[in-house]
Amino acid sequence: MDVALTVGGCFLSAFFQVSFDRISSTRKFIEFFRGKRVIKFNEQILDKLEITLQTISVVLEDAENKQSKSLAVRRWLDKLKVAVNHADDLMDELNSEAMLLKVEAEKCLAKKPNVSDVELCFRHEFIEDIVPKLKDVTSRLEYFVQQINALGLQKFVSLEEYACKMPSISLVDRAEIFGRDEEREGIIQMVLSDEGIDNKYLCVIPITGLGGVGKTTIARVVYDDERVKNQFSIRAWVCVSEEYDPFRVTKALLLEVNSSVIDDKDDFNSLQIKLKQSLIEKCFLFVLDDIWNDNYNDWHCLKAPMCYGSRGSKIIITTRNEKVAMMMQDEPFYHLKPINNEQSWSLFKSHIIDCGGRLLSPDFEITGQAIVEKCKGLPLAIKTVAGALRSKRDINEWHNMLCSDIWASGSDVLPALSLSYKQLPTHLKSCFAFCAIFPKDFLVDKEEVVWLWMANDLVQPSNHDTKKLEDVGHEYFDELRYRAFFEMVTGNKFLMHDLINDLARYVSGSFCVRLEDYRVNDLPREILHFSYLIENNDTFRKFKSLAHVQRLRTFLPIRIVNWLGQQLTTSFFPDLLPRLRCLRALTLSDYAIKEIPDSVGNLKHLRYLNLSRTLIERLPNAICKCMNLQTLLLAKCFYLVELPKDMSRLINLRHLDVSCVGDILYREMTSWLSGIEDLQNLCIVVDKIYGSMLEKLGRLQPRGFLEVTELESVPNVKSANKAELGNKMFVTELVLRWVSPADDSIYERDILSELQPHRKINYLSIMGYGGTRFPDWLGDSAFHNMVSLCLRDCKNCFILPPLGQLQTLKELYIYGMERLQSIGEEFYGNSSSFEPFQALEKLSISNMEEWTEWYTPSNVEFTSLQELRIRNCPKLVRKLPSHLISLRKFEVDLCPNLISFEGGNGHLDEFEARKCHNLVSIPSHIDKLVIEDCPSLSLSLKFTSIKKLTVKKGAYLEFPAIDSFNSCLESLEIDGDGNSIGDIPLLSFIKLRVLIILSWERPTLFNTHVGCQSSFTPLHSLRISNCSNLLSFPEEGLSAPNLVEFVLWNCEKLKSLPEQLHTLLPSLQVVGLHNCPEIECFPEGGLPSGLKTLVIHDCEKLMISRMNWGLQNLSSLIKLDISGVDDAKAFPEEGFLPSTIQNLTIMDFPNLSSLNHKEFQFLNSLRSLLIFHCPKLQSLPEERPPSSLLMLLIFNCPGLMSVPEDGYTSSLSALHVYKCPQLKSCIMEREKGETFLHILKELTYQEVLTLHCSFDPCFTSREFDWNKESHSDNPLFPVRGRYQSRKLMHSAAQVLHTNSNHQAKKAVEQSLRKAPWSGSNPNHN
């Protein structure tokens, strides 16, 4: 059977059922109003259409089964699809108009109960438009009816009854494999073997085989083997997939290896450098799963940083393509063969037989073995078929599977998987086929998938089913999951195996299209669902071919790379969207969209609209015409200030996500909330006068998240009771918030007593509660699903509830209980009958001003606690709990009276202590140690386990004079300001990779004997900052053969750099010099030839000699960032720059008047050019820029008066001009009116983000202190003087754009107002 076309039947079946429902719904509207004489419509049209659809529907399954053998039937079905789609759209339009009429009529009837003199009817223009269309489509459908007999189609009686009931199976242990012992041991031996690696650092072990043969499974087994874990200090797993993206792969590896060094602004080069630095002298194992790319140059580039690990490092790759394996291999590749019949049968039985040990009768066994034989030994096919047959108890059903003609299909898709699809009920077929819209290796969100199914009417509850649509959709998804069409990755995220994804694409035909699978101009006309991968600048050409697609239902951009503020063609709204009038689902999230046009109100069919993470400030009121809208997502729209006034008209709205957008929207919701009964994920603001919102809440059944705020406004206890929170069984996360201080603590307790949630609650937060005690329900062991509890700013409470009784609690946060003095036995509950806090993994306590003592009974051990944080508890004196056998991380801050901490199991991953003035004792075995402002603590560094040490301000640090006394230390950061620090025996740290020295007061950093004869072999990063007395480096130079990054910052007296840079620092790739005014030149021999990034700011004497830098000799240099060049009138000078430069930033050239076009033409690799603060620059060259240039940004060049009309549109993806007041209106346009040049009078936060290319990609913003003179987090950019405001404004903008915490955003905004720049508004400076 040709399965490719059977999806026509499943989608058609769904359309038929939905159309019947719509006809029925429309009849109900008509019946409701007919008795009131308020509606006029000729129902005969509906009767005729319904009869015609019913006639076709009964033969549809027969047609589906006969189409592979009859060309005439196939053509009949193809044409039927178009007609049925049209009919479905018309019925939806009619139903929408009927809903609108009902809303208007009910309003009228409410005002005038006696409506004998009032007649409401469908709009005349609507009737004139819809009736001819209905008649036409009915006639077309009657044509198909007339051909039924001629085609021999008849009512199809199925032997199977498929139900939505979930199969009684459980998830299979992924480590469970059959018949792979020999393969597993063989690959493990290849991984562990040292043979043949004497002359190479890296070995690649490819695993090849047919899709579904188990390559990924065997790789997982090897990866998780204890012997392998013990041999490799670093392991990482990355799925590469067909869409080969070296940036994503490198970043994913780095996330596993050393996530702390990653920054959002990292480009591919910087990620490669960081990965290399993280792997130096490390023995690692990487698994690159599912590789398709066979380009040797791509592979050679990707693996470059991996060659710096220690000998014995291995890479396992899995691929279907043996050509890929031959291209990548170092070891002979391991070809994984299908398993044999005996192993296949064992695997099949493990999935088909339940835990009770149900045995198969001889008939089932014989038939099952024949079915397994047809699976050709492919484990994925066996597992999938077993999932389909697991619930089948009739031997005829097994015979149907065995005898199906699909086994003889010539399809490229595995026949067994196709058969599993065929075994699905019709409603699951259409839902599965829809998932072809998602790309391979894309983690789908279960909730989003269900919402999209709902939007496209693919979720169809039975007539007698009282479940919500969401529940039915979740059952659909779960059933597909249990049938192995989805694999759970984590939480709510799922993955479709490549073969399953291929199957979805195959059966969906041309209904579901991914743009990447087609040439732009070849998209089929019958598309219903369309997706594409978001790029940094999505132009009109990308969507041009959609203009002829008349009935598109889903428009889904998919974000793979986390671009910042993606640009959507400006032609989308005026030219494309009006053509897509049949849209059910529209996603525009993550685009830099500032407004939505009124034309969105014309999308009457729209049910799903996702505008999350856009820049919109308000939605047009016209959106309230979309009365079918079910899902409206506005998460993290930080600029959104109001919702449309007619939101109450969206009577079908079920999901409104306005998280992280501000309380003002929540307050607006109270005016229309009660009119939308199915709305979920709510924030309720209590009415200050009547408290009526709680009564409204009592009539709702929200799901997921619920917040009730301003509880101080509840007028009485009875009102709190009417909220009926105890009946909200679908609420998983609840926030109860008081905003103003309490007047009556007893009354507050009575209110909270009535707000007891359902016992299935998972996450509970109580904020601002004013009672002195908590009600009895808090801490009740009956809350058996609670995993997280937060008690914040409950300032009057002096005693904690028995939280130890919450047996599933994993996270506990206690903040701001100002009157609590002691944590005693009451905290643990009745510990004689159970183990208190047996599941608690994370505990955080802060801002407890009166807390002095923490009592722990002898039988309480916190056996699961892994993280403990204590902050701002100034009176805490007594010892902390010591029975913390699982503790891995401890942080203490602002606890000046705390003397010691000896908890833990003897070894901690992290210990951080800040501003603990009396702390004298800490554990002896720590991997990462951070000490700041702890003057009583004396560190002799006798510890041998420390890998990362940071000491700042007010601590005594003594280094013993013992060679190799700390062989583990990899990172050392020392701040000499306020610390008493002895000589640092750097050569004793044989594994030291990162060295950061701040505020060193001595004229030298290194002993005189440390020079070219003494090598800092492992060192890869050296940063020296604010060492104002530093005069020189050792005369012999500084030998560090693996040093990659060298940064000097605010070393005002330093006169020279280390000698012999080009020979003693051969691996150097990044050099940053900031405010080193006395350095006159680079050492003799110049810079190392492999240098890739050079940043020089405020080095006046060095700038004067720039023509002697020898940049032309640096064949690897790709990024240059320079500032403070006073004598340049034209730039670049002849012969100054190498042709390899890709990113060029020039800043603070006060006399620059022109750009040297002739020199720019030699920069044939230049991709981005950024120009800052050049007041005399008047114009850009008239000649065309280099063809490679993609981005040009000009900032604060007040003399700039013109931009050439031609020459800048052919290759540039972005041209941005900011703060150039003399530049006249000059708008260049691309095809279809696309705006290409952005000229703005003031700089908004989002526009500041566009400057990210000019700043160091390693920078990560953390906190904003405008008085700081330096920031060690940002070694490559000066944060002082004239640069400070620009840098911190950029950082603040990032937080404002990305931070999910509204209060954090507010704090940053307040800080911006205090920033030391001229004017009060940071947007204007």
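Since the structure is predicted, the reported quantities are computational estimates derived from the model, not experimental observations.
With N230 contributing its side chain and E226 its backbone, the two residues share a donor-acceptor pair below 3.5 Å. S886 places no side-chain N or O within donor-acceptor distance of the main-chain N or O of Q866, the cut-off being under 3.5 Å. Although no hydrogens or angles enter the test, the distance criterion places a donor-acceptor pair under 3.5 Å between the side chain of T319 and the main chain of I291.
Around atom NZ of K282, more than 12 heavy atoms belonging to other residues, nucleotides or ligands sit under 6.0 Å away.
Partners of D298 by side chain to side chain donor-acceptor pair (under 3.5 Å), not counting sequence neighbours, listed by chain and number: N293. For D909, the side chain to side chain donor-acceptor pair (under 3.5 Å) test picks out R888, with sequence neighbours left out. Taking Q272 as the reference, T250 meet the side chain to side chain donor-acceptor pair (under 3.5 Å) condition, with sequence neighbours excluded. Residues passing the side-chain contact (heavy atoms from CB on, under 4.5 Å) test with L556, sequence neighbours excluded: I437, F438, E448, L452, S531, T554, I558, T587. Every side-chain contact (heavy atoms from CB on, under 4.5 Å) that A436 has, sequence neighbours left out, goes to A504, R505, S508, C512. Scanning for ring pair (Phe, Tyr, Trp, His ring centres under 6.0 Å) contacts around Y223 gives W237, with sequence neighbours left out.
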#### Entry: Step-by-step salt bridge (charged side-chain N to carboxylate O under 4.0 Å, His left out) determination, D445 to K493
CA-CA 5 Å; D445 183 274; K493 301 293 185 181; 3.4 Å; yes

### Message
Run F432 and F434 through ring pair (Phe, Tyr, Trp, His ring centres under 6.0 Å) and show every step you take.
### Response
CA-CA 5 Å; F432 171 69; F434 176 87; over 10 Å; no

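Ion pairing of D478 with K446 is present here, as a side-chain N (NZ or NE/NH1/NH2) and a carboxylate O approach within less than 4.0 Å.
Between F477 and F494, the two ring planes are perpendicular [angle over 60°; tilted spans 30° to 60°]. Between W398 and F348, the ring planes lie perpendicular to each other; the angle is over 60°, past the 30° to 60° tilted range.
Residues K251 and I262 are in side-chain contact: their nearest non-hydrogen atoms beyond the backbone lie under 4.5 Å apart. Counting heavy atoms from C-beta outward, K229 and L285 have side chains that stay 4.5 Å or more apart. The shortest side-chain heavy-atom distance between S344 and L347 does not fall under the 4.5 Å cut-off. Considering only heavy atoms from C-beta on, F486 stays 4.5 Å or farther from L495 through its side chain.
Ring-centre distance between F511 and H529: not below the 6.0 Å cut-off.
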